Amino acid sequence: MPSKEILHQVENIVGKQSVMTKIEDRLTYAYDASFHRHIPDLVVFPTNEDQVARLLTLANEEELPIVPRGAGTGLTAGSVPVKGGIVLSLTRMNRIKVINSENLTAIVQPGVVTGVFQREVEKQKLYYPPDPQSFNTSTLGGNIAENAGGPRCFKYGVTRDYVLGLRVISPSGKTWNFGGQTMKNVTGYDMSSLIVGSEGTLGIITQATLRLIPQPEARKTIMAVFNLIEQAAETVSGIIANRIVPAALEFLDDVSLRCIEQTLSIGLPLDAAAILLIEVDGFRETIEREIQLIREVCIKCGAKGITIAQNDEESQKLWAARRAFGPALLKLNPTRISEDATVPRDKLIEFIKGVKEIAKKYNLKLALAGHAGDGNMHPNFLVNTRDRDEMERVEKAVGELFALTISLGGTLSGEHGIGTTKAPYLSQELNKDTIGVMQAIKHAMDPKGILNPGKIFFRDSVALPFSQE
């Protein structure tokens with residue numbers, strides 16, 4: 001716990017009402033959407049950039065660990081304060097400063113909720129495509145820190161593709177301005193892209209300039225039902241082979257379908273091995289043609305049922321099913337170990353079969369969903385953290401899952417980040433020299449190592465195997 005003098009200085013910066021010290025308050029900031037826990041010493045809520053800079057200056061001088069946090073929806077313990085210190089919640093910095101419809105840009109603070117921002121730009125017939133599963137809760141600052149994706153990234157790209165400029169406070173309290181408001185900018189290094197996806201280890205984002213695009217004229221959603229997982233995977237390949245790029249191309253397996261149907265009761269097919277949810281958008285004439293082509297591909301690949309949503313209400317019902325995936329799984333077990341391994345699309349069926357074999361080998365419950373269009377799959381092992389034997393088995397299963405992913409030319413994380421949960425596995429994908437470059441960058445920008453310590457970018461990573469948590 002920081003000394004009374006340091007606590008007094010923090011309160012002078014942000015006001016006593018913006019500091020949490022009681023254990024019952026701090027407990028609520030000890031976790032994210034993973035199952036890892038660690039209680040911070042203080043929780044602080046700055047409301048402006050100057051306060052962030054002064055807090056970081058103080059933390060740097062006193063060598064206090066400091067962990068930035070948005071809504072806490074991350075799945076890899078990235079905002080869990082594994083070395084204690086200060087959790088810096090940016091949720092009160094939540095202004096949309098500008099939406100410029102002529103320049104197709106917006107300027108926002110980091111605490112703006114993604115879904116709120118999307119709805120505001122849509123009022124002006126504009127579109128911000130990144131749509132992580134938690135878009136109605138997660139913040140733009142957190143999305144940027146994790147380089148969040150979502151179903152639409154197959155067609156539209158991830159968060160990085162929409163970040164034009166950033167204002168960042170350094171660990172020593174300096175203000176960095178990276179990028180700008182123009183579509184083209186090659187003045188100096190592309191530091192904005194370095195900050196995007198850095199998981200709060202290099203600086204704290206206080207403002208972002210984001211790129212917008214015109215809102216699509218129309219969209220349609222299809223649900224295709226399959227008796228075999230192989231048929232669903234072949235359909236994904238067939239759609240892409242026909243040069244169709246859907247806005248979203250999502251996969252749900254049989255376990256996922258049963259859990260979601262128990263939760264929502266919307267008539268999902270419980271006798272299916274898998275379904276694909278496919279959304280196309282653009283000009284009405286174009287999407288009608290694409291819908292017909294997709295339907296033909298689905299039939300050719302053996303779909304036993306095809307449903308085309310006839311209006312927005314029906315479409316939203318189908319997407320509500322996809323977004324209910326995570327919470328619905330808790331009906332099977334109290335904790336889900338959610339991964340986001342990503343493989344080349346032509347390796348998708350090998351990956352799915354391999355993951356199911358791993359789950360069977362270790363006698364674990366598995367639900368599988370994902371963004372099939374870009375090979376980003378979400379295997380969820382459903383476990384009870386109080387069962388030590390089960391946790392030891394899931395630890396071995398996750399190790400084999402990542403080994404399988406790498407063997408197929410994939411990557412450990414498509415959108416969740418590394419956090420602390422994947423730290424022990426990073427060397428499977430990156431060699432020592434590559435990790436060394438990351439550590440050197442981290443040290444150059446944060447010499448005292450106060451910002452989000454405990455992450456893989458530190459030499460003394462504190463990430464623990466599941467069974468030791």
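These numbers were taken from a predicted model, which means no experiment stands behind them.
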Across all chains, not counting sequence neighbours, the salt bridge (charged side-chain N to carboxylate O under 4.0 Å, His left out) partners of Lys97 are none

So that I know where these two stand, are Phe226 and Phe251 an aromatic pair - ring centroids less than 6.0 Å apart? no

Please round to the nearest 0.5 Å and tell me the distance separating atom CD of Glu400 and atom CG of Leu404. 9.0 Å

For the CZ atom on Arg323, are there more than 12 heavy atoms of other groups (residues, nucleotides or ligands in this structure) within a distance under 6.0 Å? yes

Any chance you could measure Cys153, atom SG, to Arg160, atom CZ, to the nearest 0.5 Å? 12.5 Å

Main-chain N/O of Ile195 paired to Ser198 side chain as donor or acceptor, under 3.5 Å: yes

Any Leu104 side-chain heavy atom under 4.5 Å of Ile213 side chain: no

Centroid separation Tyr362 to Phe381 less than 6.0 Å: no

Taking only Lys NZ, Arg NE, NH1 and NH2, and the carboxylate oxygens of Asp or Glu, determine whether Lys304 and Asp271 approach each other closer than 4.0 Å. yes

Is it the case that atom CD in Glu313 sees more than 12 heavy atoms from other parts of the structure closer than 6.0 Å? no

Distance only, no hydrogens: is a donor on one side chain within 3.5 Å (strictly under) of an acceptor on the other, for Ser315 and Asp312? no

Classify the angle between the aromatic ring planes of Phe117 and Tyr128 as parallel (below 30°), tilted (30 to 60°) or perpendicular (above 60°). perpendicular

Polar contact flag, side-chain donor to acceptor under 3.5 angstrom, His378-Gln133: no

Salt bridge or not between Glu288 and Lys220? Use side-chain N to carboxylate O under 4.0 Å. yes

Working to the nearest 0.5 angstrom, can you tell me the gap between Ile239 CD1 and Leu293 CG? 10.0 Å

Output the distance between atom CG (Asn363) and atom CZ (Arg393), rounded to the nearest 0.5 Å. 5.5 Å

Heavy-atom count around Lys317 NZ within 6.0 Å, excluding the residue itself: above 12? no

Can you confirm whether Val168 sits close enough to Leu202 that some side-chain heavy atom of one is under 4.5 Å from a side-chain heavy atom of the other? no

Between OG1 on residue Thr221 and CD on residue Glu279, distance to nearest 0.5 Å: 4.0 Å

Can you tell me how far apart CG (Leu56) and CG (Leu88) are? Round to the nearest 0.5 Å. 6.5 Å

